[in-house]
Each structure stands twice: as structure tokens, then as C-alpha cells.
Amino acid sequence: MENISELERLISIRIMQEDAEAIFSLLSTERDSVFAMEIIPYYALFVQSCQEYIGENFLPEEITLSIKDIRNHIKSYSDSFGKSKRKVASIDQEQDTSFKSQLRFNFLKNWNIHLNLGTYWTEDHHIIGNTQQLAAFIDVKDFSTPEAGKKAYELGYQIASFVSSVRSGFSDSLGQLIIDRPITAIGIKKFFDINTNRHNTIFVNHASKELNLFYLHLLCNMNFVKHILRPLLPEGNTWAFRVEYIVTYYTFRALQRLKNYCENNDDVVADTQGIGEIEDAASGLFLSKFRNCMMHYNLENQGVLSLEHIEQPFYGIIENCFESKVYQTYLASIHDLSERIIRYLEKHFNCADIELKQL
């Protein structure tokens with residue numbers, strides 16, 4: 001029992017080191033401004049989980065509070081759909097007011113000709129981010145103010161400093177890990193701007209603005225992981241795996257909440273059959289014991305490690321949590337579920353018909 005306890009502590013630290021190295025590698029090479037904003041919640045998750053494991057906050061109190069809020073954004077749409085709908089509407093209203101206020105002449109504000117949502121795309125027409133979501137990530141109501149830039153810079157500086165410091169400490173005591181990167185210096189160069197108060201061809205049907213934006217935010221999260229983050233790190237990289245798992249889980253929960261809402265209310269219509277098929281594919285993948293060790297670093301007394309499987313990828317955690325599953329088959333199952341969710345969400349958008357512009 002004592003040997004297992006020590007093993008759990010050492011593996012917890014080792015996984016933190018692996019994640020720190022992956023993040024430091026990205027910090028060292030990725031300069032794209034859209035990527036830098038999109039990745040913040042997942043960096044914040046790492047920072048806060050490390051501080052929780054260590055039991056001490058190393059960053060200024062204001063930054064620590066911001067990081068907690070940003071980390072919570074990852075799971076924000078997995079609340080009740082009614083709450084998610086109100087949140088989506090609130091963010092849209094804030095951004096609409098912000099962009100409307102930037103019009104040069106007051107009389108233009110009533111013409112509803114302004115653009116209040118920017119979307120970011122890959123070259124092959126996959127939407128991977130949007131300005132309303134980015135505003136929610138870092139709690140900025142108006143990107144045009146100097147204060148917004150200062151807040152984003154300070155947040156990025158503190159996160160990078162923390163990651164660098166933790167990484168150096170691990171390297172000094174455990175030796176340095178090498179991250180073999182297949183791609184570096186990715187660029188996100190395509191965009192498409194809209195006014196959410198008007199009908200837009202980007203949306204397939206005439207669903208409510210809130211439902212369309214709900215789908216949009218979920219799809220941006222999923223596509224960012226699939227088309228931007230995963231290609232930047234080796235297949236099976238622990239941190240990329242953790243991020244994909246977390247994003248997929250909370251997107252899945254958000255769709256479940258939507259399905260439950262539609263079954264009990266008649267003001268929103270959605271493809272609940274499609275969500276039911278996703279639920280079938282997700283059956284047995286999200287055990288609470290496993291989910292806890294994916295969200296947090298403390299593996300001690302969690303019953304997810306054993307000497308029998310310790311040499312397996314991801315330290316045998318998959319084999320200990322799931323009957324008849326090994327790491328590669330479980331990873332393939334998560335990839336498959338992610339694909340199903342993305343296909344469901346992309347059905348609500350005319351992605352191929354959008355005429356993208358160059359940033």
C-alpha cells in the first residue's frame with residue numbers, strides 16, 4: 001500500500017511535468033494572435049490544477065481569480081440549457097453594444113448595419129473561433145479599449161511565467177523531457193464577420209439567435225482542438241489528450257442539456273435524435289473516476305494506478321479504469337466521439353458556402 005501511495009504521488013508529478021513541457025513548447029513557437037487567445041482556457045486549466053495540487057497560489061490574487069473564471073468557461077455550456085441560452089444572449093448583447101458604440105455617426109446605430117461577431121477559420125473552411133467567445137474567455141466587454149489589451153497581456157505574461165518556472169523546477173529534479181513536434185508556427189488567417197441581429201447565410205436554418213450561437217461556440221471549441229491543437233503535438237500527447245477529453249466531455253454534456261430542455265419545453269426545437277445517437281456512442285466513456293483524474297493532477301487514493309499496468313501508455317490509467325480497453329482503443333473512441341459531435345454541429349452551418357477573407 002505504501003509503495004502504491006508513493007507511486008501515485010510520483011506519477012501525479014510526472015504528468016504535470018509532461019503537460020508543462022507540452023505547453024512550454026507551444027509557448028516557445030506559436031505566435032499567432034488568434035491561437036494565443038483560443039488556447040488560454042487550457043493553459044489556465046493547467047495553471048490552476050497545478051496550484052490546487054501544490055496547495056498554494058503563486059500568482060497575484062487578481063490573476064488567480066481570473067484564471068479560475070477562465071478555467072470554468074470550459075464547462076460553462078454544460079449548465080442547464082436555459083442558463084446557457086441566457087449567457088449566450090448576454091455576451092451577444094455586450095458585443096453588440098461595444099461594436100455599435102464604435103460607429104462614427106450616432107444615426108448609424110439605429111440602422112443595424114454594423115458587424116458584431118467575427119469568426120476565424122482554417123483554409124479548408126472549418127470554423128475554429130469567434131470574437132464573442134474570446135470576449136467571454138478573458139471577460140472583456142470591449143476589445144477596443146487599452147485596458148483590454150493590458151489585461152490580456154498581463155494574463156498571458158503571468159501564465160507563461162508560471163509554466164516556465166514550473167517546467168524549470170521539474171527539469172532540475174526529474175530531467176528534461178523532449179517534445180517531438182510535427183508542426184510549429186501555425187497561422188490562422190481566414191475570417192468572416194457578421195451581424196447577429198440579421199439573418200446570415202452562415203446558419204442553415206431559422207433557429208433562434210441564441211441556439212445558433214450556442215452551436216457556434218460548441219463547434220469552435222471542438223474544431224479548435226481537432227484542426228489546430230492536435231496537429232501541433234504528437235499523436236497521443238498526454239496534454240492534448242486531456243484537453244480533447246475535457247472539451248469533448250463538456251460539449252457532450254451541453255448537448256445532453258439541450259436535449260433535456262427540448263423534451264420538457266416547446267420554445268426550442270433541435271435534432272434530439274442526433275443527440276441521442278451521440279449519447280449511445282458516449283456510453284461508458286466518461287466514468288467519474290477517470291474524469292476526475294483528467295481534470296485534476298492528484299492521483300493519490302483515486303484507484304487509477306497499479307503496478308500491473310504502470311508500463312502502459314498514460315501509466316495504465318485507462319486499463320485500470322476501463323474493462324477490456326487499452327490506451328490506443330480508448331483514444332480512438334474519444335476521437336470517434338469528437339467526430340460525431342463535430343458532424344452534428346456542422347450540420348447547422350453552411351461552412352462550404354462562406355466566402356472567407358484574409359486577416
*Name all pairs fulfilling the ring-ring contact (aromatic ring centres under 6.0 Å, His included) condition that reach into residues 51-70, sequence neighbours left out, sorted by first residue then second.*
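Residue pairs passing ring-ring contact (aromatic ring centres under 6.0 Å, His included), neighbours aside: none found.
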*asked:* Please list all pairs meeting ring-ring contact (aromatic ring centres under 6.0 Å, His included) that have one or both residues in residues 257-288, counting only residues at least two apart or in different chains.
replied: Phe81-Tyr261, Tyr245-Phe286, Tyr249-Phe286, Phe252-Phe286
Quick check on the hydrophobic clustering: are [X] and [Y] connected, directly or via other members, by side-chain heavy-atom contacts under 4.5 Å?
X: Tyr120; Y: Leu115; value: no
X: Trp121; Y: Ile183; value: yes
X: Tyr42; Y: Leu59; value: yes
X: Leu174; Y: Val163; value: yes
X: Leu233; Y: Leu177; value: no

Heavy-atom count around [X] [atom1] within 6.0 Å, excluding the residue itself: above 12?
X: Lys83; atom1: NZ; answer: no
X: Asp172; atom1: CG; answer: yes
X: Glu52; atom1: CD; answer: yes
X: Lys357; atom1: NZ; answer: no

Under a 3.5 Å threshold, yes or no: a donor from one side chain and an acceptor from the other, between [X] and [Y]?
X: His217; Y: Asn130; result: yes
X: Glu279; Y: Gln256; result: yes
X: Asp19; Y: Tyr297; result: yes
X: Gln158; Y: Glu154; result: yes

Quick one: closest heavy-atom pair of [X] and [Y], and the distance?
X: Pro313; Y: Glu319; result: O-OE1, 4.5 Å
X: Gly129; Y: Glu38; result: CA-OE2, 2.7 Å
X: Glu300; Y: Ser5; result: CG-O, 4.4 Å
X: Phe46; Y: Ala20; result: CZ-CB, 3.6 Å
X: Pro41; Y: Ile70; result: CA-CG2, 3.5 Å
X: Asn116; Y: Phe99; result: CA-CD1, 3.7 Å

*So Leu305 and Ile310, side-chain contact (heavy atoms from CB on, under 4.5 Å) or not? Walk me through it.*
CA-CA 7 Å; Leu305 292 173; Ile310 199 63; 4.2 Å; yes
If we ignore hydrogens and angles and just use 3.5 Å, is the side chain of [X] paired with the main-chain N or O of [Y] as donor and acceptor?
X: Ser165; Y: Ser161; value: no
X: Ser90; Y: Arg86; value: no
X: Asp92; Y: Val88; value: no
X: Asp32; Y: Gly187; value: no
X: Thr251; Y: Val247; value: yes
X: Ser12; Y: Asn298; value: no

For the [atom1] atom of [X] and the [atom2] atom of [Y], what is their distance to the nearest 0.5 Å?
X: Met222; Y: Ser338; atom1: CE; atom2: OG; result: 4.0 Å
X: His114; Y: Asp193; atom1: NE2; atom2: CG; result: 12.0 Å
X: Ile11; Y: Ile317; atom1: CD1; atom2: CD1; result: 8.0 Å
X: Ser171; Y: Glu21; atom1: OG; atom2: CD; result: 4.5 Å
X: Arg242; Y: Phe314; atom1: CZ; atom2: CZ; result: 5.5 Å
X: Phe35; Y: Leu232; atom1: CZ; atom2: CG; result: 5.5 Å

*Please lay out, stage by stage, how Leu117 and Gln95 fare under the test side-chain contact (heavy atoms from CB on, under 4.5 Å).*
CA-CA 8 Å; Leu117 173 67; Gln95 291 299 293; over 6 Å; no
Side chains of [X] and [Y]: does their closest heavy-atom pair fall under 4.5 Å?
X: Ile194; Y: Phe203; value: yes
X: Ile275; Y: Asp271; value: no
X: Ile318; Y: Gln328; value: no
X: Tyr315; Y: Leu299; value: no
X: Tyr43; Y: Leu26; value: yes
X: Leu211; Y: Val269; value: no
X: Thr201; Y: Asp353; value: no
X: Phe162; Y: Ile23; value: no

Going by the rule side chain to side chain donor-acceptor pair (under 3.5 Å), which residues pair with [X] if we only count those two or more places apart in sequence or in a different chain?
X: His335; value: Arg230, Glu235, Glu244
X: Ser76; value: Lys87
X: Lys190; value: Gln358

*Please work out which of the three classes, parallel, tilted or perpendicular, describes the rings of Tyr153 and Tyr157, given edges at 30° and 60°.*
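Parallel: the ring planes of Tyr157 and Tyr153 meet at under 30°.
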*Does a salt bridge link Lys85 with Asp267, judged by any charged N lying under 4.0 Å from a carboxylate O?*
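Salt bridge between Lys85 and Asp267, a charged N being under 4.0 Å from a carboxylate O: yes.
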*Between Arg343 and Glu346, does at least one N-O distance fall below 4.0 Å, as a salt bridge requires?*
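No.
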*Check whether the ring centres of Tyr330 and Phe290 lie less than 6.0 Å apart, and answer yes or no.*
yes
*Please step through salt bridge (charged side-chain N to carboxylate O under 4.0 Å, His left out) for the pair Lys259 and Glu263, ending with a clear verdict.*
CA-CA 6 Å; Lys259 178 173 176 281; Glu263 290 172 347; 3.1 Å; yes
*Any chance you could lay out the side-chain hydrogen bond (donor to acceptor under 3.5 Å, both in side chains) test for Gln93 and Thr97, step after step, and finish with the verdict?*
CA-CA 6 Å; Gln93 181 60 51; Thr97 300; 3.2 Å; yes
*Report the C-alpha distance between Thr196 and Gln132 in whole Å, list the side-chain angles of each, state the deciding distance to 0.1 Å, and finish with yes or no for side-chain contact (heavy atoms from CB on, under 4.5 Å).*
CA-CA 11 Å; Thr196 60; Gln132 292 194 4; 4.0 Å; yes
*Just grab all the side chain to side chain donor-acceptor pair (under 3.5 Å) pairs involving residues 176-188, residues at least two apart or on different chains.*
Ser25-Arg181, Thr29-Arg181, Glu30-Arg181
